[in-house]
Visitor: 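My questions all concern the structure below.
Any value given below was found using the heavy atoms of this structure, including those in side chains, with hydrogens, waters and symmetry copies removed.
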Amino acid sequence: MDSYYHSHDLGKFAEIGKGNTALWEKFKSYYDAVFTEGALTEREKALIALAVAHTVQCPYCIDAYTQASLEKGSNIEEMTEAVHVACAIRGGASLVHGVQMRKVAEKLSM
């Protein structure tokens, strides 16, 4: 079976702007500003983006921010740790919603 995601499609990202150039330009301007060095370095931002990419499970983003993290000077240990941070937050978020389940279960059991 053919894969839904193809790495070469990442290079076509800007084509989405053909549907509405004005909105694409606004997004691109914002996106570029977000990833410009500020209080956080470009390297730190790439690591955050890598962790978020794993959280939202976007293979294109994982590819892009793996490359960006390496280009900005991160190593595989730092990148792996960032992925584990994302995993811990995502897992914790699932667990904390168990509080809601317990509240509903207790209310229905009364």
Side-chain angles (χ1 to χ4, degrees):
M1 179 174 185
D2 194 25
S3 173
Y4 183 77
Y5 296 101
H6 302 279
S7 60
H8 63 273
D9 287 341
L10 181 57
K12 299 176 185 177
F13 183 41
E15 291 180 16
I16 198 68
K18 292 178 181 176
N20 188 319
T21 305
L23 288 177
W24 172 253
E25 291 302 323
K26 289 178 187 300
F27 171 78
K28 186 75 170 99
S29 177
Y30 172 74
Y31 183 92
D32 290 344
V34 165
F35 283 95
T36 299
E37 189 154 335
L40 297 172
T41 66
E42 289 182 8
R43 181 183 156 282
E44 292 167 329
K45 290 180 178 191
L47 282 171
I48 292 167
L50 180 63
V52 171
H54 282 80
T55 302
V56 300
Q57 298 178 327
C58 174
Y60 298 117
C61 298
I62 292 168
D63 287 358
Y65 291 106
T66 296
Q67 181 175 341
S69 292
L70 289 170
E71 288 174 352
K72 304 289 183 203
S74 293
N75 60 44
I76 193 69
E77 291 82 12
E78 293 167 327
M79 293 161 59
T80 301
E81 193 167 321
V83 171
H84 278 281
V85 169
C87 177
I89 296 300
R90 189 166 184 168
S94 294
L95 286 174
V96 78
H97 278 83
V99 172
Q100 180 66 20
M101 173 272 301
R102 293 179 61 81
K103 285 175 29 181
V104 171
E106 288 171 9
K107 181 178 176 182
L108 294 174
S109 297
M110 294 178 117

Visitor: So, for T36 and K45, which heavy atoms are closest and what is the spacing to 0.1 Å?
Guide: O-NZ, 2.6 Å
Visitor: When clusters are formed by joining ILVMFWY residues with side-chain heavy atoms under 4.5 Å apart, either directly or through shared neighbours, do V52 and L40 land in the same one?
Guide: yes
Visitor: Can you list, by chain and residue number, the hydrophobic cluster partners of L108 when the side-chain cut-off is 4.5 Å?
Guide: V104
Visitor: Which pair of heavy atoms, one from A39 and one from E44, lies closest together, and at what distance?
Guide: O-OE1, 4.5 Å
Visitor: Who clusters with M110? Use side-chain heavy atoms, under 4.5 angstrom, across I, L, V, M, F, W and Y, and order the result by chain and number.
Guide: none
Visitor: If you group Ile, Leu, Val, Met, Phe, Trp and Tyr by side-chain heavy-atom gaps below 4.5 Å, do F27 and L10 land in one group?
Guide: no
Visitor: What is the minimum heavy-atom distance between A82 and A51, and which atoms define it?
Guide: O-CB, 3.5 Å
Visitor: Measuring from atom CD1 of I48 to atom OG of S69, what distance do you get when rounded to the nearest 0.5 angstrom?
Guide: 10.0 Å
Visitor: Return the set of residues passing salt bridge (charged side-chain N to carboxylate O under 4.0 Å, His left out) with D63 (not counting sequence neighbours), or none when no residue passes.
Guide: none
Visitor: Taking atom CD of E81 and atom CG of L50, what is their separation to the nearest 0.5 Å?
Guide: 12.0 Å
Visitor: Which residues pass the salt bridge (charged side-chain N to carboxylate O under 4.0 Å, His left out) test with K18, not counting sequence neighbours?
Guide: none
Visitor: Measure the spacing between OG1 of T80 and CG of N75 and express it to the nearest 0.5 Å.
Guide: 8.5 Å
Visitor: Not counting sequence neighbours, which residues clear ring-ring contact (aromatic ring centres under 6.0 Å, His included) with F13? List them please.
Guide: W24
Visitor: Sequence neighbours excluded, which residues qualify as salt bridge (charged side-chain N to carboxylate O under 4.0 Å, His left out) partners of K26?
Guide: none
Visitor: What is the distance from atom CD1 of I62 to atom CE of M79, rounded to the nearest 0.5 Å?
Guide: 11.0 Å
Visitor: Could you tell me which residues satisfy side chain to side chain contact (heavy atoms under 4.5 Å, CB included) with Q67, sequence neighbours excluded, listed by chain and number?
Guide: E71
Visitor: Going by the rule side chain to side chain contact (heavy atoms under 4.5 Å, CB included), which residues pair with K103 if we only count those two or more places apart in sequence or in a different chain?
Guide: V99, Q100
Visitor: Would F35 end up clustered with Y30 when hydrophobic side chains under 4.5 Å apart are linked, directly or stepwise?
Guide: yes
Visitor: With sequence neighbours excluded, what pairs up with C58 under the side chain to side chain contact (heavy atoms under 4.5 Å, CB included) test?
Guide: V56, Y60, C61
Visitor: Tell me, please, which residues at least two apart from R43 pass salt bridge (charged side-chain N to carboxylate O under 4.0 Å, His left out).
Guide: E78
Visitor: If you count every heavy atom of other residues, nucleotides or ligands that lies below 6.0 Å from I89 atom CD1, does the total exceed 12?
Guide: no
Visitor: Does the S29 side chain pair with the main chain of E25, one donor and one acceptor, at a distance under 3.5 Å?
Guide: no
Visitor: Of all residues at least two apart in sequence or in a different chain, which pass the side chain to side chain contact (heavy atoms under 4.5 Å, CB included) check with E37?
Guide: T41, E42
Visitor: Kindly state each residue pair satisfying ring-ring contact (aromatic ring centres under 6.0 Å, His included) with at least one member in residues 83-104, sequence neighbours excluded.
Guide: none
